Amino acid sequence: METATLQPLAAALPPSPSLNHRILTATTVPHFKQIHAQILRSGLDISAPFLSRLLALPLASSPSSLDYALSVLLHSPSPDFRLANRALRALSSATDPRWTLVAYGRLRRAGLALDRFSFPTVLRAAARVRGVAGVVAQEVHGLAAKTGLDADPFIQTAVVGAYTALGRAAEGRMVFDRMHHRDLVAWGVMLDGYCQSGCYNEALQLFDEMKSSGVIPDRVILATILSACARTRNLTSGGAVHSYIVESNLSIDAHLQSALISLYSSCGSMDTAQRLYDDTSPKNLVASTAMVFGYAKLGKIAVARSIFDQMTDKDLVCWSAMISGYAESDQPNEALKLFNEMHLLGVKPDQITMLSVISACANMGARDQAKWVHIFVDKNGFHQILSIRNALIDMYSKCGSLVDARTIFDETAFKDVITWTSMITGFAMHGNGRSALAVFDHMISEGVKPNGVTFISLLYACSHAGLVDEGRRIFESMIQDYRLEPKHEHYGCMVDLLGRARLLQEALEFIESMPFAPNVVVWGSLLGACRIHGDVKLGELVARRLLELDPNHDGAYVLLSNIYAKASRWEDVREVRNLMKNKGVIKEAGFSWIELNGHVHEFMMRDKCHPRSNEIYGKLDEVVKELELVGYSPDTATVLVDLQEEEKREAILLHSEKLALSLGLIDSKKGSSIHIAKNIRVCNDCHTFMKLASKVFEREIVLRDRTRFHHYKDGVCSCGDFW
DNA sequence: ATAGGGTTAG
């Protein structure tokens with residue numbers, strides 16, 4: 001390849017065959033230095049071929065040899081701009097874009113002007129270097145304008161690309177709109193630019209404008225648009241593009257095929273995606289990754305895994321897809337295992353992989369693992385990236401270390417809305433409603449605009465802390481002051497807030513006042529409140545409404561049977577259970593896990609799978625006896641089924657968190673803290689049990705349930721028994 | 001110039 005590009009240059013050389021040959025075969029900087037000395041002695045100006053060769057070699061990608069190359073250039077007998085521009089372009093082809101910018105800076109300072117072929121080079125480099133490059137892009141744009149070159153379509157296209165790559169899509173669009181001649185590449189850069197900046201709807205709109213102005217899209221443009229549709233889960237627009245492709249008889253290459261597969265798998269249409277994928281031969285990495293992603297998103301994690309396992313030559317992206325698949329389908333342990341495997345194979349993660357890994361760690365709530373991931377993040381230079389810091393804040397909150405979360409939060413100079421919201425969520429989860437509200441006030445005083453998620457967090461903070469008036473005020477403020485439209489989730493939070501505070505009638509009226517039909521989330525919140533307060537009549541009504549909306553809503557059946565059980569209506573309990581059985585509705589099984597010395601131990605109810613099972617059950621007996629001495633008596637009121645009292649007692653004593661606690665007590669000392677996580681809500685009896693255990697055994701017990709943390713200490717829980 | 005993976009809540 002290099003020989004080919006050097007042919008014309010070699011032909012232009014003065015008759016000095018041996019020197020020429022030496023240039024073409026040189027491979028190291030010392031070697032080049034020798035030749036350079038020889039060139040200077042010969043008095044010939046053959047810097048151009050010399051530099052071309054020097055810059056084409058991989059060694060030009062190290063700072064010291066780049067330095068050398070530039071110094072040769074700047075000290076050549078007549079450093080003219082043609083040579084400088086050639087050097088710049090040679091440099092840009094194979095190296096880190098940052099050095100192209102360094103070289104550009106040196107050439108500028110030496111007073112060498114850019115030609116029209118170098119502007120795009122520098123702009124492309126600037127576009128690839130995020131962060132510091134905005135200034136460069138603007139400067140280069142200004143420079144092009146000064147020399148009148150900004151009317152050149154190639155330069156204009158590059159300017160559009162640079163702005164959009166830096167997230168300044170609107171500025172890119174302004175340049176694009178002023179272009180007199182737009183070829184397909186220009187359209188492609190603008191469309192892709194919108195996608196890069198996350199402006200997918202603008203991309204779709206521009207695509208329509210493009211078609212109505214009579215420009216015929218090619219495969220490249222169509223692949224870009226399909227990708228935009230995939231990312232926005234827009235099957236309507238995507239399907240239209242697919243039809244267009246079929247109607248126009250366009251041949252479908254691997255890129256386009258992958259884009260189509262990705263569209264359908266992103267939208268959850270796995271049947272169509274699978275059909276297209278079956279037609280693909282050979283299977284390519286991108287299409288396979290899209291399939292893995294699609295199945296994982298639907299929870300068909302085993303299917304995803306089997307495709308993943310069949311892939312040879314896995315790259316970073318498919319590892320990430322599989323890892324995030326596990327992370328998002330509540331298998332954080334598997335996600336971390338896979339990350340380890342990838343790590344051992346020497347595949348280097350990027351920030352996207354790390355976000356999935358951090359999120360997996362957060363969902364697992366494992367503190368030792370969390371620490372390990374944090375160290376990994378620091379060591380590998382990810383710690384300055386804002387999205388990573390945001391994920392870390394969330395991770396530490398969910399692992400029970402609010403202090404660590406707070407530290408990262410405080411040490412984050414530039415905070416975006418997610419940073420603030422994550423911190424608010426952290427306080428909300430730990431029942432610290434006042435701190436959550438204080439963080440919100442701080443956020444507002446810093447001029448950061450809250451979004452819908454921020455308000456969900458705030459309302460949950462109020463709900464978990466019993467701050468009813470504050471919650472009402474925030475809901476109003478969201479509409480009045482921030483002009484945000486409350487969605488189902490917000491109404492659900494409000495119903496939860498009112499319901500927990502025993503304001504059941506007001507909660508019902510609130511639902512009836514909604515401007516749109518309430519969904520399962522909203523009714524579900526009220527149902528939960530009915531269970532807490534034992535309102536059988538309202539609970540029954542709500543559960544029926546819920547089951548009308550979703551006949552397979554497992555939560556509704558469970559809560560309904562709970563309510564009946566609480567009222568000892570065993571006949572009704574049986575009916576509900578039968579109904580569940582007939583419909584094949586399965587109650588989500590409760591399980592708990594505890595991390596001890598870096599290992600995660602999982603427990604189901606009555607679980608005897610643990611290798612130290614005997615020891616654990618022995619400890620549990622002992623614990624129960626000791627707690628009974630201080631007045632504990634199993635609260636069997638919440639046991640769903642009509643069992644004999646003795647059976648009920650046994651059932652409740654074998655809840656998974658009690659097993660986890662027993663192991664925790666065996667393996668820890670007095671005065672230490674025990675961290676347990678559970679996938680569903682903690683029951684009344686376990687809650688009392690934990691409170692007493694914290695006092696009798698002198699441990700702080702931190703229990704994370706589905707939505708929040710309980711910190712038990714000296715017989716008291718941080719939730720104030722309000723959860 | 002093009003296709004695949006990501007952070008806050010639920």
Side-chain angles (χ1 to χ4, degrees), chain A residues 124 157-158 160-161 183-193 195-196 217-228 230-231 252-263 265-266 284-294 296-297 311 315-325 327-328 349-360 362 385-395 397-398 415-426 428-429 450-461 487-490 492-493 496 519-522 524-525 706-707:
Chain A
R124 268 194 297 273
T157 303
V160 171
D183 60 7
L184 272 178
V185 176
W187 283 99
V189 167
M190 189 64 231
L191 288 167
D192 183 52
C195 296
Q196 299 282 325
D218 64 356
R219 276 193 293 265
V220 177
I221 305 268
L222 291 167
T224 306
I225 288 301
L226 283 171
S227 164
R231 284 174 195 277
I252 297 178
D253 63 359
H255 272 75
L256 202 47
Q257 180 80 345
S258 303
L260 284 168
I261 291 170
S262 166
L263 167 74
S265 65
S266 293
N284 79 50
L285 192 58
V286 177
S288 301
T289 304
M291 295 300 288
V292 167
F293 173 78
K297 269 274 139 60
M311 295 168 73
D315 72 351
L316 173 62
V317 179
C318 75
W319 280 100
S320 298
M322 196 64 234
I323 289 172
S324 81
E328 298 238 316
D350 66 359
Q351 60 161 309
I352 296 180
T353 319
M354 291 317 296
L355 285 172
S356 290
V357 171
I358 296 169
S359 153
I385 301 167
L386 184 58
S387 57
I388 293 275
R389 299 185 73 85
N390 293 344
L392 287 174
I393 292 170
D394 178 59
M395 176 183 80
S397 311
K398 286 185 176 152
K415 303 178 175 77
D416 66 4
V417 63
I418 297 181
T419 319
W420 291 97
T421 304
S422 300
M423 196 65 242
I424 292 172
T425 307
M429 274 190 299
N451 63 21
V453 181
T454 314
F455 281 96
I456 292 175
S457 297
L458 281 169
L459 293 172
Y460 263 101
K487 297 190 174 150
H488 279 114
E489 288 86 349
H490 300 98
C493 289
D496 189 72
N519 65 359
V520 282
V521 177
V522 178
S525 299
R706 169 154 242 152
T707 53

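Order of the sequence lines fixes the chain letters, A, B, ..., with proteins taken first and strands second; residue numbering starts at 1 for each chain. Given the structure is predicted, the values throughout are model-derived calculations rather than measurements.
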Set of residues satisfying side-chain hydrogen bond (donor to acceptor under 3.5 Å, both in side chains) with respect to T421(A), sequence neighbours excluded: T454(A)
Pick base, sugar-phosphate or nothing for L285(A), based on heavy-atom distances below 4.0 Å to the nucleic acid. base
Report which part of the nucleic acid D253(A) touches: base, sugar-phosphate, or nothing (heavy-atom distance under 4.0 Å, all strands). nothing
Counted 5' to 3', the first and last nucleotides of DNA chain B within 4.0 Å (strictly under) of a heavy-atom of chain A are dA1(B) to dG10(B)
Over all strands shown, is F455(A) touching base, sugar-phosphate only, or nothing at heavy-atom distances under 4.0 angstrom? nothing
Would you please name every residue forming a side chain to side chain contact (heavy atoms under 4.5 Å, CB included) with E328(A), sequence neighbours left out? K297(A)
Identify, with sequence neighbours excluded, every residue that meets side chain to side chain contact (heavy atoms under 4.5 Å, CB included) alongside A158(A). P120(A), L123(A)
Classify K415(A) by what it touches in the nucleic acid, base, sugar-phosphate, or nothing, heavy-atom distance under 4.0 Å. nothing
Under the side chain to side chain contact (heavy atoms under 4.5 Å, CB included) rule, collect the residues that match up with L355(A), sequence neighbours excluded. S387(A), I388(A), A391(A)
Look at all strands and tell whether D192(A) reaches a base, only sugar-phosphate, or nothing, counting heavy atoms closer than 4.0 Å. sugar-phosphate
Atom pair CG/CG of L260(A) and L222(A) - distance to nearest 0.5 Å: 9.0 Å
Only counting residues at least two apart or in another chain, list the ones meeting side-chain hydrogen bond (donor to acceptor under 3.5 Å, both in side chains) with N390(A). D416(A), T419(A)
Just call it for R124(A): base, sugar-phosphate, or nothing, with non-hydrogen atoms closer than 4.0 Å on any strand. nothing
Just call it for T353(A): base, sugar-phosphate, or nothing, with non-hydrogen atoms closer than 4.0 Å on any strand. base
Regarding K398(A), tell me which of base, sugar-phosphate or nothing describes its non-hydrogen contacts under 4.0 Å with the strands shown. sugar-phosphate
Sugar-phosphate, base or nothing in reach of L256(A), heavy atoms under 4.0 Å: nothing
Under 4.0 Å, heavy atoms only, any strand: does Q351(A) hit a base, just the sugar-phosphate, or nothing? base
